[in-house]
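A short worksheet on the structure shown next.
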Amino acid sequence: MTILARLIFMSKETISSPLSTWAQNIAPSPTLAVDAKAKAMRAAGKDVCGFGAGEPDFDTPKFICDACAKALAEGKTRYVPTPGILPLRKAIAADYTSRGFKGIDETCVVVSPGGKMSCYLTILSLVSPGDEVLIPAPYWVSYPEMVKLAGGSVKVLPTSDADAFKISAEQLKAALSPRTKLLILTSPSNPTGAVYSRAEIEAIVKVAVEAGVYTLSDEIYSSLTYDGAEAVSPATLSDEAARFVATASGFAKSYAMTGWRLGTLVAPKAIASAVSKLQSQMSSNCTTFAQYGALAVYENPELAKKSVAEMRAVFDRRRQMLCDGLNAIAGITCYRSQGAFYLFPNISSFGLHSTEFAEKLLEEELVAVVPGIAFGAEGYVRISYATSDEILKKGLTRIANFCSRLAKKS
Ligand SMILES: *Cc1c(COP(=O)(O)O)cnc(C)c1O
């Protein structure tokens, strides 16, 4: 950057700080912060109902842990190819091919340290300074910050529970500009749990492809859909779409492997190669023996299917209980979302800022939720049902008490 550009870019305050503009302009993850606060309160002996977590409350299936332990015992502890061990990439390519992806082989696959890194490296590979990235809101907290780190600018496409938290093709069309480079789609969504139908995805991707705009499709929750909803991969819709879509996913949410740090990217070869090149300079390969654990998913398809189905059934039961329970509370309306493990109830009738609502709820009733504003949507909170039935029931009672006090005050 030239000195002039630096001066224009930096504000007065940032000039006196030793930290870079990148470090100063990036917000810390609010979801991790809520979770950390709830955990700290629990460690201090408080009986907190934690609905802030963005991770399954299950243990990683044993057959996956066993495969990892075996690899470790066999000395699989050295560097491997940056984009991932060949058998894992081949297995991922075969799995995506079986799900309707065309022209995919291991050169289109990168295994990254987490789905988060898959998203970030894809953004870094596609977005130059000045490029515009379209992000439907409510959005996953990390996307805008990742775009900022790439020097791109964010254009938010707002949605509400009245549109089932989904953008329309017309909304996308109206938001396009000559600078638009990328659209980020997340279905099922974190934080809303909304799932786009095939027809909705088709209409959206058609507009994007016709405009030459790339799509980053974050499909980390694709195995968690309910009420017969189907997670449709934009890349499978047409040969054209396949050229413009990068699909990020990972093992964290489907197999309760959040701590393993294993994400995947399936993309046109040029994008996959760029992501691999960036990864070679930033992290090298992800943990070698962890990759052998993930490989067990493809080597034991029946076991893998069974563990996903078991977790899915539990999430579904909790989703229904929580959604019904929230809708029974006067003042709350909750959209019945069909995916992931979150609900995004509307709390706007109480007239409190979502941050204030969440803070008071934590202080007064020891229930941790994430304020909607963290996801770019005021008037809502995110509630994760990746927690036990017992905590869900207790938490619901506390939320009901809290809301009835609020209603009396106003
Ligand atoms: C959890 C999550 C990810 C990635 O998680 P990793 O732990 O990095 O694999 C990506 N996108 C969304 C929307 C998520 O909720």
Rounded to the nearest 0.5 Å, how far apart are [atom1] of [X] and [atom2] of [Y]?
| X | Y | atom1 | atom2 | result |
| --- | --- | --- | --- | --- |
| Glu378 | Asn346 | CD | CG | 10.5 Å |
| Ser384 | Phe51 | OG | CZ | 8.5 Å |
| His353 | Ile373 | NE2 | CD1 | 5.0 Å |
| Thr247 | Ile220 | OG1 | CD1 | 12.0 Å |
| Glu359 | Leu361 | CD | CG | 11.0 Å |
| Ser337 | Leu343 | OG | CG | 4.5 Å |

State whether [X] and [Y] are salt-bridged, where the test is any N-O pair (Lys NZ or Arg NE/NH1/NH2 against Asp/Glu carboxylate O) under 4.0 Å.
| X | Y | result |
| --- | --- | --- |
| Lys206 | Glu202 | no |
| Asp316 | Arg319 | yes |
| Lys70 | Asp66 | no |
| Arg243 | Glu240 | yes |
| Arg336 | Asp324 | yes |
| Arg89 | Glu106 | no |

Item to complete: Check step by step if side chain to side chain contact (heavy atoms under 4.5 Å, CB included) holds for Leu237 and Arg198.
Response: CA-CA 9 Å; Leu237 295 179; Arg198 178 171 292 274; 3.8 Å; yes

Is a side-chain N or O of [X] found less than 3.5 angstrom from the main chain of [Y], in a donor-acceptor match?
| X | Y | answer |
| --- | --- | --- |
| Ser354 | Gly379 | no |
| Thr159 | Ile167 | no |
| Gln171 | Pro158 | yes |
| Lys46 | Leu366 | no |
| Ser280 | Lys277 | yes |
| Gln291 | Ile85 | yes |
| Lys148 | Asn25 | yes |
| Ser233 | Ala235 | no |
| Lys181 | Ser128 | no |
| Ser307 | Ala304 | yes |

Do [X] and [Y] get their side chains close enough for a donor-acceptor pair, meaning under 3.5 Å?
| X | Y | result |
| --- | --- | --- |
| Gln338 | Thr225 | no |
| Ser189 | Thr192 | yes |
| Glu219 | Ser217 | yes |
| Lys253 | Tyr221 | yes |

Take atom [atom1] in [X]; do more than 12 heavy atoms of anything else shown fall under 6.0 Å from it?
| X | atom1 | value |
| --- | --- | --- |
| Asp59 | CG | no |
| Glu74 | CD | yes |
| Lys394 | NZ | yes |
| Lys76 | NZ | yes |

Worksheet item: Does Arg405 make a cation-pi contact with Phe402 (under 6.0 Å, within 45 degrees of the axis)?
Response: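 Verdict for Phe402: no cation-pi partner in Arg405.
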
Worksheet item: Are Val207 and Leu176 close enough, and set up right, to give a side chain to side chain contact (heavy atoms under 4.5 Å, CB included), and what steps lead you there?
Response: CA-CA 9 Å; Val207 169; Leu176 293 172; 3.9 Å; yes

Distance-minimising heavy-atom pair for [X] and [Y]:
| X | Y | result |
| --- | --- | --- |
| Arg382 | Asn190 | NH1-OD1, 2.7 Å |
| Ile204 | Ser168 | CG1-C, 4.3 Å |
| Val266 | Ile104 | CG1-CD1, 3.7 Å |
| Gly130 | Ser153 | O-OG, 4.5 Å |
| Gly152 | Val127 | CA-CG1, 3.8 Å |
| Thr122 | Ile271 | CG2-CG2, 4.5 Å |

Worksheet entry | Qualifying residue for ring pair (Phe, Tyr, Trp, His ring centres under 6.0 Å) with Tyr380, from Tyr335, Phe350, Phe344 | Phe344

Quick check: do [X] and [Y] have side-chain heavy atoms less than 4.5 Å from each other?
| X | Y | result |
| --- | --- | --- |
| Cys119 | Leu216 | yes |
| Thr258 | Pro56 | yes |
| Tyr96 | Val109 | no |
| Pro87 | Tyr298 | no |
| Ile383 | Ile399 | yes |
| Leu121 | Leu265 | no |
| Glu310 | Val314 | no |
| Met321 | Lys393 | yes |

Worksheet entry | Positive for side chain to side chain contact (heavy atoms under 4.5 Å, CB included) with Cys403, one of Ile347, Ile329, Leu326 | Ile329

Worksheet item: How far apart are the C-alpha atoms of Phe63 and Tyr255, what are their side-chain angles, what is the distance that settles it, and do they pass the ring-ring contact (aromatic ring centres under 6.0 Å, His included) test?
Response: CA-CA 11 Å; Phe63 74 97; Tyr255 297 100; 7.5 Å; no

Worksheet item: Are the ring centres of Phe375 and Tyr139 closer than 6.0 Å?
Response: no

Discussion item. Before you tell me yes or no, could you show the steps for Ile26 and Glu145 under side chain to side chain contact (heavy atoms under 4.5 Å, CB included), namely the whole-Å CA-CA distance, both residues' side-chain angles and the distance that decides it to 0.1 Å?
Written reply: CA-CA 6 Å; Ile26 298 309; Glu145 309 309 305; 3.8 Å; yes

Worksheet item: Parallel under 30°, tilted from 30 to 60°, perpendicular over 60°: which one fits the rings of Trp140 and Tyr143?
Response: perpendicular

Worksheet item: Does the side chain to side chain contact (heavy atoms under 4.5 Å, CB included) test come out yes or no for Trp260 and Cys68, once each step is laid out?
Response: CA-CA 10 Å; Trp260 290 61; Cys68 174; 3.5 Å; yes

